[in-house]
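Keep in mind that the numbers below use all heavy atoms, side chains included, and drop hydrogens, waters and symmetry copies. Ligands are counted one by one from 1 in listed order, and the atoms in each one are counted from 1 as well.
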Amino acid sequence: MLGRSAVGSPPAGKERPVRSTHVVVLGGGFAGLETAFLLRSRFGEDRLRLTVVSDRGEFLFKPNTIYLPFEGDDGHLRVPLEPALRRRGIGYVPAEVSTLDPGRRTVGLADGGTITYDYLVVATGARANPGEIPGLGEHGRQLCDPARLGSFAEELLWMVQYARHGHRQHVVCVVPPGLHYPTATYELALMLDTWLRRGDIRHQVEIRLVTHEETLLRDFGPKVHDAVTARFAEREIESDTGLTVTSTTGTKVKFGDHNARRYDLLICLPPQVAAVTYPGLPADDRGFLRCEPGTRAVRGYPEIFAPGDAGDFPIKQAFIALRHAEAVADAIGADLTGRPRDDATGGITTMFLLDMLDQALFAQVPLAVGQAPDGRTIVSPSARTPYRVGTGRWWRLGKHSVGRSVPAAFASGHPFHAGAWWDAAQRHLRAGTDALTR
Ligand SMILES: Cc1cc2nc3c(=O)[nH]c(=O)nc-3n(C[C@H](O)[C@H](O)[C@H](O)COP(=O)(O)OP(=O)(O)OC[C@H]3O[C@@H](n4cnc5c(N)ncnc54)[C@H](O)[C@@H]3O)c2cc1C
């Protein structure tokens with residue numbers, strides 16, 4: 001058992017007597033909530049005291065905010081944290097984390113409070129860093145921020161008006177280095193194509209995707225590249241690979257080979273850095289915490305974990321954040337029950353869906369870590385889970401269903417990757433993958 005725990009202020013009210021191991025989770029996103037709810041599903045309040053600290057009062061299912069410029073609203077994507085956590089006897093501290101003292105095992109809050117932990121789960125995620133590319137902050141569309149998606153929808157309508165008045169429009173979608181979830185940019189290009197076709201104005205708009213990657217969605221391997229290439233060809237979406245954006249002006253985007261492209265609308269999700277830096281903990285040059293691959297424990301700090309976007313895993317996805325949360329809950333659970341931690345580095349299988357509004361592309365990709373010299377993942381040649389890709393209308397249901405199920409699970413205080421619902425979902429997924437992918 002690790003050291004005794006105590007909580008400073010907030011939370012308000014009297015300090016509770018110390019009675020169990022205290023796990024403090026920083027962040028109320030995919031990784032933070034899944035870890036907290038998984039631990040609670042395995043250990044009761046008498047054994048484990050859990051506290052979640054978040055600067056935002058609600059969970060947001062970010063992947064499906066991508067629909068907002070085209071259809072729907074985001075009401076069902078948000079979950080208020082306090083009632084969901086209270087339901088499971090998990091403390092909630094609405095505060096911004098500002099400092100960490102691993103020696104004293106305390107977290108400092110921006111409002112002056114401190115929290116002491118036995119185990120710390122750093123799940124504060126990543127943030128966009130548009131300032132890395134001169135001009136991007138002013139001229140690119142920051143679609144990682146749901147608050148800006150409304151104004152993007154208006155810009156799309158203006159673009160359509162210009163196109164209808166005979167002015168051919170050029171949309172450039174740029175994937176810069178340092179963006180760890182490039183799938184969203186590809187998805188936006190594909191959705192935009194369908195949306196413009198439905199408005200019968202696609203012939204007046206050129207869509208081009210320019211990426212620094214050597215192949216399309218490089219990290220997900222050749223099958224994904226081939227499937228995306230085929231979809232782009234069908235839809236007359238142009239693409240350039242191996243081109244790194246260096247700067248943008250109000251009308252042009254410039255690349256490392258000194259070429260420039262004129263645009264009417266620039267879509268560029270910016271490079272990412274850690275949302276919070278933790279001086280003293282080992283981190284890469286973007287502030288992402290260096291972790292043991294199997295358990296996501298921060299290197300040299302077995303009581304601190306960094307699941308999801310906050311850690312150094314090269315691909316940042318919600319699905320991966322949920323898998324990391326499982327690894328963290330397993331490691332803490334092993335300590336609490338006196339078993340050795342399992343730090344096997346066998347890799348991780350990710351899944352994602354690219355919606356095109358009329359069909360979707362599904363990929364199941366077994367990733368191997370630590371085999372490429374530059375720290376990137378590769379598609380595992382030896383994984384038991386097959387590497388599969390498929391495209392079809394049915395896959396759209398999957399994306400919408402996950403966008404409802406994760407918030408519903410969290411609202412009820414349960415993890416997503418556990419229990420009867422998840423067992424059934426896995427069975428359906430296996431059947432779908434066998435029937436609808438290659
Ligand atoms: C537009 C878009 C589309 C995407 N599409 C997909 C997709 O299709 N599939 C997919 O798998 N992934 C997708 N992603 C990526 C996915 O959303 C992230 O990988 C996922 O959110 C990571 O989860 P996380 O818990 O690590 O971090 P987050 O979800 O970012 O959660 C971080 C938490 O930490 C809190 N926090 C941050 N700073 C502080 C602080 N100082 N103090 C206290 N709390 C703090 C935040 O409020 C938040 O609660 C997309 C992302 C975006 C933006």
> Does a side chain donor of either R104 or T116 reach within less than 3.5 Å of an acceptor in the other side chain?
Replying inline: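 No, because no side-chain N or O of R104 sits under 3.5 Å from a partner of the opposite role on T116.
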> Can you find a side-chain donor-acceptor pair between T51 and H22 that sits under 3.5 Å?
Replying inline: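 Yes.
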> Should L26 be counted as touching ligand 1, given the test is an N or O pair under 3.5 Å?
Replying inline: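 Among all N and O atoms of L26, none is under 3.5 Å from an N or O of ligand 1.
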>> So, regarding G27 and ligand 1 (criterion: nitrogen or oxygen to nitrogen or oxygen, under 3.5 Å), is there a contact or not?
In response: no
>> Before you tell me yes or no, could you show the steps for R235 and T194 under side chain to side chain donor-acceptor pair (under 3.5 Å), namely the whole-Å CA-CA distance, both residues' side-chain angles and the distance that decides it to 0.1 Å?
In response: CA-CA 9 Å; R235 290 161 187 265; T194 307; 2.9 Å; yes
Atoms in ligand 1 with a heavy atom of [X] nearer than 4.0 Å:
| X | value |
| --- | --- |
| G308 | 26 (O) |
| A123 | 32 (C), 33 (C), 34 (O) |
| A95 | 42 (N), 43 (C) |
| G125 | 27 (O), 32 (C) |
| G28 | 33 (C), 48 (C), 49 (O) |
| F319 | 11 (O) |

Sub-6.0 Å ring centroid separation between [X] and [Y]:
| X | Y | value |
| --- | --- | --- |
| H400 | Y67 | yes |
| H139 | Y263 | no |
| F37 | H417 | no |

Region of [X] engaging ligand 1 - heavy atom pairs below 4.0 Å:
| X | result |
| --- | --- |
| K399 | side chain |
| S98 | neither |
| V97 | both |
| A184 | side chain |
| F352 | neither |

> Looking only at heavy atoms, what is the nearest atom pair of F288 and V273, with distance?
Replying inline: CZ-C, 3.5 Å
> Is the number of heavy atoms from other residues, nucleotides or ligands within 6.0 Å of CZ (R376) greater than 12?
Replying inline: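 Atom CZ in R376 is packed in, count exceeds 12.
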> Among V122, V52, V328, which one satisfies side chain to side chain contact (heavy atoms under 4.5 Å, CB included) with V25?
Replying inline: V52
Where the closest heavy atom to [atom] is concerned, which of [options] has it?
| atom | options | answer |
| --- | --- | --- |
| atom 46 (C) of ligand 1 | T65, D55, L60, L68 | D55 |
| atom 50 (C) of ligand 1 | F30, Y181, F59 | Y181 |
| atom 26 (O) of ligand 1 | D309, T350, V25 | D309 |

>> On the six-membered ring of Y181, is K62 placed so that its NZ or CZ lies under 6.0 angstrom from the centre and within 45° of the ring axis?
In response: no
>> Please confirm whether I66 approaches ligand 1 to less than 4.0 Å, judged on its heavy atoms.
In response: no
>> Could you check whether any heavy atom of V276 sits closer than 4.0 Å to an atom of ligand 1, since that is the contact criterion I want to use?
In response: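 True for this residue.
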>> Does any part of the side chain of R296, heavy atoms only, come nearer than 4.5 Å to the side chain of E326, both counted from C-beta?
In response: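 Of all side-chain heavy-atom pairs linking R296 with E326, none is under 4.5 Å.
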